[in-house]
Structure formats: structure tokens, C-alpha cells
2 protein chains.
Amino acid sequence: MAGLKQVQRQTGVALWRQIADRIREAIGNGAYDETGMVPPETVLALQFGVNRHTVRSALAALAQEGIVRAVQGRGTLIERKERLNFPITRRTRFTAGIGDQARETRGLLLDEAQEEASAEIARWLGLKQGEQVIRLETLRHADRRPVSKATSWFPAERFAGIGEAYRKHESITKAFAELGLADYIRATTEVTAAHAATADLADLELTPGAILLIAKAMNTDLDGVPVQYSISRFAADRVQFTIEN
Amino acid sequence: MAGLKQVQRQTGVALWRQIADRIREAIGNGAYDETGMVPPETVLALQFGVNRHTVRSALAALAQEGIVRAVQGRGTLIERKERLNFPITRRTRFTAGIGDQARETRGLLLDEAQEEASAEIARWLGLKQGEQVIRLETLRHADRRPVSKATSWFPAERFAGIGEAYRKHESITKAFAELGLADYIRATTEVTAAHAATADLADLELTPGAILLIAKAMNTDLDGVPVQYSISRFAADRVQFTIEN
DNA sequence: TTCAAATGTCTATTGATATAGACAACTATA
DNA sequence: TATAGTTGTCTATATCAATAGACATTTGAA
């Protein structure tokens with residue numbers, strides 16, 4: 001588990017960024033829980049086989065993210081460490097899934113629009129291409145930290161006013177309930193990973209090079225009729241998915 | 001979908017690498033399927049807002065990976081494009097899951113060892129810490145391209161000789177069968193994403209900064225007794241997971 | 001054959017990245 | 001109150017990353 005931590009040169013990814021990513025990950029995995037501190041700069045420099053100044057650049061980046069805080073004379077303290085678990089089941093709901101792990105969850109409506117369904121959206125929602133759909137851009141927080149950004153599409157006819165309902169309740173489940181859909185089922189989830197797009201970086205408070213876990217999900221009502229298709233982007237260092245079969 | 005492709009400066013990730021990652025992703029998503037070619041360098045330079053030489057660095061990297069091939073006077077042709085779908089269900093098996101999408105799958109045994117179960121492994125396999133387990137390091141290919149690298153643990157007493165059986169059959173399912181376990185069930189899967197570790201980069205033929213989809217999975221026999229715990233690392237640009245509920 | 005469009009090559013310059021060394025400033029503890 | 005251990009700051013140097021411009025070479029179509 002220990003061993004020489006390695007980085008690669010001349011790959012277009014600066015050493016300080018590789019090291020920052022590794023340390024962030026190690027913190028997330030609880031590697032430094034005993035001391036609550038990152039090892040001294042000289043030790044890290046030795047471990048990664050780089051100059052101490054390079055390690056300092058990495059730690060400066062992590063300090064900028066609010067993950068560590070350096071104290072002269074003492075060391076570099078771990079400020080924040082989180083990895084939420086997000087279960088994916090037939091009853092997957094964001095708020096309920098995260099709810100027991102965070103004191104407070106919020107759902108922000110960033111944008112709302114009615115538009116014609118693209119071929120892909122139409123396929124997922126069982127509509128014809130060009131039929132009207134409502135698109136919501138939402139940003140979900142847990143304990144005041146952004147966790148995921150999602151784009152969702154709903155059949156416009158059936159769910160007119162869902163934007164307003166979401167803005168009020170800050171929850172898809174409650175918005176559905178207000179519009180007469182008491183229950184729904186997660187039918188399909190596709191999971192991929194990718195580098196974050198610029199637009200998502202800012203909202204999720206990430207730095208470039210950061211990784212997103214991307215879940216493309218389709219929900220149906222109890223009769224199996226599609227009610228929602230969504231593409232959710234999660235900050236990979238803050239979330240893991242669990243699939244229980 | 002079109003719009004200005006964006007890259008960020010002074011983030012420790014070189015522009016040419018960001019651009020290479022975006023283009024690789026776009027190719028994987030079928031963005032250039034109509035022409036079978038990447039847009040001209042000057043067009044890409046305009047789209048990304050960088051100098052043509054920077055785009056050339058990105059394309060050179062992709063050519064190195066064997067994804068594109070530049071032909072003077074014509075353009076830059078797409079050589080390879082793949083994204084396998086990996087379904088996660090109660091009956092998840094690598095070979096069967098990928099089998100219908102690739103002409104040929106292989107499973108290579110990189111390493112085998114018998115060791116004492118760590119606290120985590122023991123918990124997953126329902127053993128006591130320190131009990132003997134067999135660890136296999138395997139590398140799985142589809143159509144001669146590496147797809148995933150996995151570390152698996154098995155209770156040593158019950159599955160003595162599983163390394164040899166895997167080496168022979170190149171399949172966990174068949175190795176289990178040889179040892180008297182005719183059927184098994186995927187009980188739990190945890191999905192995360194992370195930057196690839198150096199050791200995995202080489203085996204999976206990836207470049208640093210590349211993303212892994214990581215699946216931590218536990219399989220049980222039909223009585224619910226754990227038979228395998230594994231951590232599989234997939235090249236994120238070649239694979240997606242599908243969870244059907 | 002001609003020409004537009006595309007990739008290939010070269011030179012030059014600037015800023016970011018990484019290394020190296022020296023020393024200052026601060027903290028906790030013996 | 002020393003002192004070891006830690007982070008903070010400064011200078012200097014070499015290499016990588018990015019931009020800029022000019023021109024050569026190849027291809028495919030008019």
C-alpha cells in the first residue's frame with residue numbers, strides 16, 4: 001500500500017498537479033487520518049521523487065481548494081475530507097440517498113427551458129423527435145458543498161410547471177408529487193467518467209483536470225412510462241456510487 | 001452541442017493535453033462519424049482558441065496512441081474509436097458482458113499470491129482479519145485492446161488453485177466452475193472514478209491524466225456466501241457501465 | 001495543369017514548470 | 001531557553017509549453 005508514489009514527466013500534466021491529485025485522493029481515502037496532517041514537504045518530495053518546491057506548488061493548489069491549510073512550524077493540516085455514497089437502486093432519489101449522510105441538502109434551479117426533443121432525448125422519453133420537452137439545469141448541494149450538476153428532460157405536456165415546483169421544493173421527488181406523480185422508479189442508469197467541462201468546473205467548484213462521474217438515468221412511473229431523463233455530473237472525489245443487486 | 005470548445009490555462013494541465021482529451025472524447029461520442037476525420041488543424045485552433053501548433057501537439061499525442069493518423073494534404077483520419085458497454089446486474093460477468101460487443105476477449109493473469117486478509121478484504125469476504133486469501137492480478141482485453149485491470153481476492157481454503165484455473169480458462173466464471181462453483185451472483189458494486197496510477201497506465205496503454213472507472217465488486221454464491229471481492233480499473237474512454245433495474 | 005486546402009517543418013520569443021540551494025520564521029518540546 | 005522540525009521566501013538556472021510567422025509539401029478537385 002505504501003511504496004514509492006510515482007509521477008510521470010513530459011505528459012502535459014504538470015508534476016505539481018499530479019501530486020495534488022494524488023494527495024487529494026489519499027486524503028479522501030483516509031490515508032492521513034491518524035495525524036490529521038499531510039506528511040512534511042520534505043517527506044512528500046522524497047516519496048514522489050521531486051523537489052520540495054514542486055510539492056509546495058501542489059499543496060498550495062490544495063490549500064486554494066480549501067482541502068488543507070499550512071501552518072508555519074507545525075505542518076499542513078487537513079481541513080476537509082468528504083466522500084458521499086450515492087446508492088443506485090430502483091428507488092434512487094438524490095435527496096433521500098444523500099440525506100442520511102449530510103446535515104443539509106439543497107437543490108438549485110439554474111435554468112429552465114421548453115424545447116423540442118432531440119433524437120436522443122426522444123428515444124429515452126419514448127417521444128417522437130421534435131415533441132416538446134422541459135429541460136431543467138439543477139445544482140445539488142450537500143452541507144453547502146456542490147455535489148452534482150444535472151440536466152433533466154421531462155415530457156412538457158405531462159409535467160408543465162415542474163420548474164416552478166422544483167424551485168419551490170428543491171427536490172424532483174416533491175416536484176413530481178405536486179404534479180400528481182406520487183411514485184417513480186429508476187429504470188436505467190449509465191455511468192461514465194470524463195474530465196469536467198469548463199461550464200461545470202465553476203458550478204461544482206472544481207479545478208481543471210478534475211474528474212466527473214457521469215450518470216445518465218431514466219426514470220419511469222409505476223406503469224413503466226418514462227417521466228424523466230437526466231445527465232448528472234458528480235465531482236468524482238466527493239462521491240461514489242453503490243449498486244446493490 | 002457545437003459552441004466554443006473551451007480549455008483553461010495555468011491549471012497544471014497543458015493545453016495540448018486538454019485538447020487531446022476533448023478530441024478523444026469527441027471521437028468516442030461519434031462527433032466526427034460523418035467524415036471519419038477530425039476537423040482541420042486551423043479550425044480546431046479557432047474552436048479551442050489556441051495556436052495551430054498547440055493543436056498539432058494534441059493531435060501528435062493522439063496519433064501516438066493510434067487514435068488518429070495525419071495525412072499531408074488530406075487531413076487527420078480517425079483510426080480507432082471504441083466505447084464498450086459493460087452491464088452491471090446480478091449476473092454480471094466480464095466475458096459474457098463484453099462478449100457480444102467484441103470479436104475476441106482475453107484474460108491475462110499478471111500475478112498471483114496467497115496472503116493474509118487485510119481488515120477491508122476480510123470484511124468484504126466475511127472472513128476474520130489475517131485469514132488466508134488468494135489475490136489475483138488480471139488484465140482483460142477485448143479485440144487485443146486492454147480494457148480493464150483487476151485485483152481480486154478469494155477465500156484461500158475454498159478456492160485453492162484458482163490462479164491456475166484462471167490461467168487456463170482466461171475467465172473467472174470458468175475458473176469457478178472448475179473448482180465446483182457452478183453459479184454466482186454480483187451482490188454489490190461500488191463505482192468511483194480516479195486518475196490512473198502509474199502501474200495501471202502501462203498495462204492499460206493509457207497516458208497520464210487518463211481517467212479510470214473503478215468498480216469495487218463483491219460476488220457471492222447462491223447461498224449468499226462471499227466468494228470474490230475485486231477492484232477493477234477500466235479505461236474510462238473505452239467503457240461505460242449500464243445499470244438496469 | 002492549376003489551385004485551394006490541408007499537413008509538415010523551421011526559427012524565434014515569452015511565460016510556465018521544475019530543480020537547486022540558502023536562509024528566515026514559526027511551533028512544539030525537551 | 002535551546003533546539004529539532006517544520007513552513008515561508010528569495011535567487012538563479014534549465015527545460016517545457018504556447019504563441020507567432022513564414023514557407024514547403026502533399027492531396028484532391030476544378
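Just so we're on the same page: letters track the sequence lines, and every chain starts at 1.
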Item to check | Phosphate contact (D/dT7 OP1 or OP2) by A/Thr76 side-chain N/O below 4.0 Å | outcome: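 Yes.
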Checklist entry - Below 4.0 angstrom from OP1 or OP2 of C/dT17, is there any side-chain N or O of A/Ser57? => result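 Result: no.
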Take atom [atom1] of [X] and atom [atom2] of [N], then tell me their distance rounded to the nearest Å.
X	N	atom1	atom2	value
B/Leu15	C/dG15	CG	P	15 Å
A/Trp16	C/dT17	CH2	C1'	10 Å
B/Leu77	C/dA5	CG	P	19 Å
A/Arg69	D/dG8	CZ	P	11 Å
B/Gln18	D/dA17	CD	C1'	12 Å
A/Asn51	C/dA22	CG	C1'	13 Å
A/Arg56	C/dT19	CZ	P	15 Å
A/Ile19	C/dT19	CD1	P	8 Å

Next on the checklist: I'd like to know whether CD of A/Gln114 has more than 12 heavy-atom contacts from other residues, nucleotides or ligands below 6.0 angstrom.
Outcome noted: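 Above 12, so yes.
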Item to check | Base D/dG8 to side chain A/His53, donor-acceptor N/O within 3.5 Å cut-off | outcome: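 Per atom types, no contact qualifies.
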Checklist entry - Do the side chain of B/Arg52 and the base of D/dG21 come within less than 3.5 angstrom through a donor-acceptor pair of N or O atoms? => result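 No, the side chain and the base share no sub-3.5 Å donor-acceptor pair.
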Can you measure from [atom1] ([X]) to [atom2] ([Y]) and round to the nearest 0.5 angstrom?
X	Y	atom1	atom2	answer
B/Arg22	B/Ile27	CZ	CD1	14.0 Å
A/Trp124	A/Glu190	CH2	CD	4.5 Å
A/Trp16	A/Asp21	CH2	CG	9.0 Å

Nucleotide N/O of nucleotides 27-30 of chain C paired with protein N/O under 3.5 Å:
from: C/dA28; atom 1: OP1; to: A/Arg74; atom 2: NE; distance (Å): 3.3

Next on the checklist: Nearest to the side chain of B/Thr54, heavy atoms from C-beta on, is which of C/dA18, D/dA18, C/dT7?
Outcome noted: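 Among C/dA18, D/dA18, C/dT7, the one nearest the side chain of B/Thr54 is D/dA18.
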Next on the checklist: With a 4.0 Å cut-off on N to O distance, would you call B/Lys149 and B/Glu137 a salt bridge?
Outcome noted: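 The answer is no: the pair does not qualify as a salt bridge.
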Next on the checklist: On DNA chain D, compare the nucleotides closest to A/Val43 and B/Ala14; which residue's is nearer the 5' end?
Outcome noted: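 Going by which nucleotide is closer to the 5' end, it is A/Val43.
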Next on the checklist: Could you walk me through whether A/Phe241 and B/Phe241 satisfy the ring pair (Phe, Tyr, Trp, His ring centres under 6.0 Å) test, starting with their C-alpha distance in whole Å, then the side-chain angles of each, then the deciding distance to 0.1 Å, before giving a yes or no?
Outcome noted: CA-CA 12 Å; A/Phe241 295 157; B/Phe241 295 157; over 10 Å; no
Next on the checklist: Once you apply a heavy-atom cut-off of 4.0 Å, does B/Thr42 come out as touching a base, just sugar-phosphate, or nothing?
Outcome noted: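 Nothing, no nucleic acid heavy atom in range.
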Checklist entry - Aromatic rings A/His195 and B/His195: how do their planes relate, parallel, tilted or perpendicular, breaks at 30° and 60°? => result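 Tilted: the ring planes of A/His195 and B/His195 meet at 30° to 60°.
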